[in-house]
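Take a look at the structure below.
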Amino acid sequence: MRDEEAALMSMRHAVKVRGGAAVAVAAVLAFALAGCGGDDGKSGEAQSSSVPKKPGAATPEPSRSGKSSSAPLEVIATASGEDGVVLEINEAKRDAGGFLTVSGQIKNSGSKDFTHTTAWRGNELTGSGESVAGATLVDKAGKKRYYVLRDTEGRCLCTTGVNSIGAGKALPIFMQFPVPPATTTEVDFSLPTFATATVKISG
């Protein structure tokens, strides 16, 4: 009888030990899983807060000139023309190729389309058609006049196809001249039908 009771108590003790061990193992696993999940979450948060954001389409890069593309162009000279048409010069810059490029726009502030553009081409009667090839520069200090350059086929290095300017519209223009000496800092710019304007050279 005592042997049977001893065997029964031994079995109960073994069950208790095994059950307790299983519970302990389960608790350890649960704690480890919980710890791993928390570490991953915190690690992800740390990475997202420490990694710098890459520039995207929503953050436009600044323009090379440092000005926004929507900013108004700088006007360095103006000249009045016929019927409310105004010539604005935005830049006269020396280029690396040995040219002086003058750029600007002609604005029609009138209520009607402006079509009297033939005079602007000067003596330009080649394939360029209507243009601003009649523009000239005068270096008063050097006592020299410069004309718009032509290519090998006689076409001007300037804006062409200038047939009309709509009411309230503006026409961007450019023209290239031989570059004046480095000592020349300003020139007088002329385009037929417009007043003469003094223009400062940059570059």
Handout entry: Main-chain N/O of F174 paired to S103 side chain as donor or acceptor, under 3.5 Å
Key = no
Exercise for the section: Could you check if a side-chain atom of T196 sits within less than 4.5 angstrom of a side-chain atom of F189, using non-hydrogen atoms only? Expected result: no
Handout entry: Smallest separation among heavy atoms of W120 and I106, with atom names
Key = CZ3-CD1, 3.7 Å
Practice task
Look only at the side chain of T193 and the backbone of G81, and say whether a donor-acceptor pair between them is shorter than 3.5 Å.
Solution key: no
Problem - Heavy-atom closest contact (V148 atom, L157 atom, distance) - result: CG1-O, 3.9 Å
Practice task
Please report the closest heavy-atom contact between A133 and C156, naming both atoms and the distance.
Solution key: CB-CB, 3.7 Å
Exercise for the section: Assess whether side chain to side chain contact (heavy atoms under 4.5 Å, CB included) is satisfied between E130 and T118, documenting all intermediate values. Expected result: CA-CA 6 Å; E130 305 298 335; T118 302; 3.7 Å; yes
Exercise for the section: Specify the closest pair of heavy atoms between V199 and A92, including all atoms of both residues, with the distance to one decimal. Expected result: CG1-CB, 3.4 Å
Practice task
Would you please test L100 and L137 for side chain to side chain contact (heavy atoms under 4.5 Å, CB included) and show each step?
Solution key: CA-CA 10 Å; L100 176 68; L137 296 179; 3.3 Å; yes
Handout entry: From CD (E74) to OG (S202), nearest 0.5 Å
Key = 9.0 Å
Handout entry: Approximate separation, where rounding is to 0.5 Å, of I76 CD1 and I89 CD1
Key = 7.0 Å
Practice task
Keeping the roles fixed (side chain from N108, backbone from K169), state whether a donor-acceptor pair exists under 3.5 Å.
Solution key: no
Problem - Nearest heavy-atom neighbours spanning A135 and L191 - result: N-CD1, 3.7 Å
Problem - Pairwise distance OG(S131) to CE(M175) - rounded to 0.5 angstrom - result: 9.5 Å
Practice task
Please check if any side-chain donor atom of T184 sits under 3.5 Å from a side-chain acceptor atom of D139, or the reverse.
Solution key: yes
Practice task
Considering only NZ, NE, NH1 and NH2 on the basic side and carboxylate oxygens on the acidic side, decide whether K200 and E186 come within less than 4.0 Å.
Solution key: no
Completion exercise
Result for side chain to side chain contact (heavy atoms under 4.5 Å, CB included) between V187 and one of I201, V102, T136, T198 points to I201
Exercise for the section: Using side-chain hydrogen bond (donor to acceptor under 3.5 Å, both in side chains) as the criterion, point out the one residue from E91, Q176, K93 that pairs with T101. Expected result: Q176
Problem - Straight-line distance of R121 CZ to C158 SG, nearest 0.5 Å - result: 12.0 Å
Exercise for the section: Give, for atom NZ of K107 and atom CG of L87, the distance between the pair rounded to the nearest 0.5 Å. Expected result: 11.0 Å
Practice task
For the residue pair F99 and R94, establish whether any side-chain heavy-atom pair is separated by less than 4.5 Å.
Solution key: no
Problem - Heavy-atom check, side chain of R155 versus side chain of T160, under 4.5 Å - result: no
Practice task
Without swapping roles, check the side chain of D188 against the backbone of V138 for a donor-acceptor pair under 3.5 Å.
Solution key: no
Problem - Heavy-atom pair of closest approach, residues A170 and Q105 - result: CB-OE1, 3.6 Å
Problem - Minimum side-chain heavy-atom gap P180-Y146 below 4.5 Å - result: yes
Exercise for the section: Answer yes or no: is there a side-chain heavy-atom contact under 4.5 Å between V85 and F194? Expected result: yes
Fill in the blank from the handout: To the nearest 0.5 Å, atom CD1 of I165 lies from atom OG1 of T117 at 7.5 Å
Practice task
Give the intermediate values and the outcome of side chain to side chain contact (heavy atoms under 4.5 Å, CB included) for residues F177 and L149.
Solution key: CA-CA 5 Å; F177 301 87; L149 292 167; 5.5 Å; no
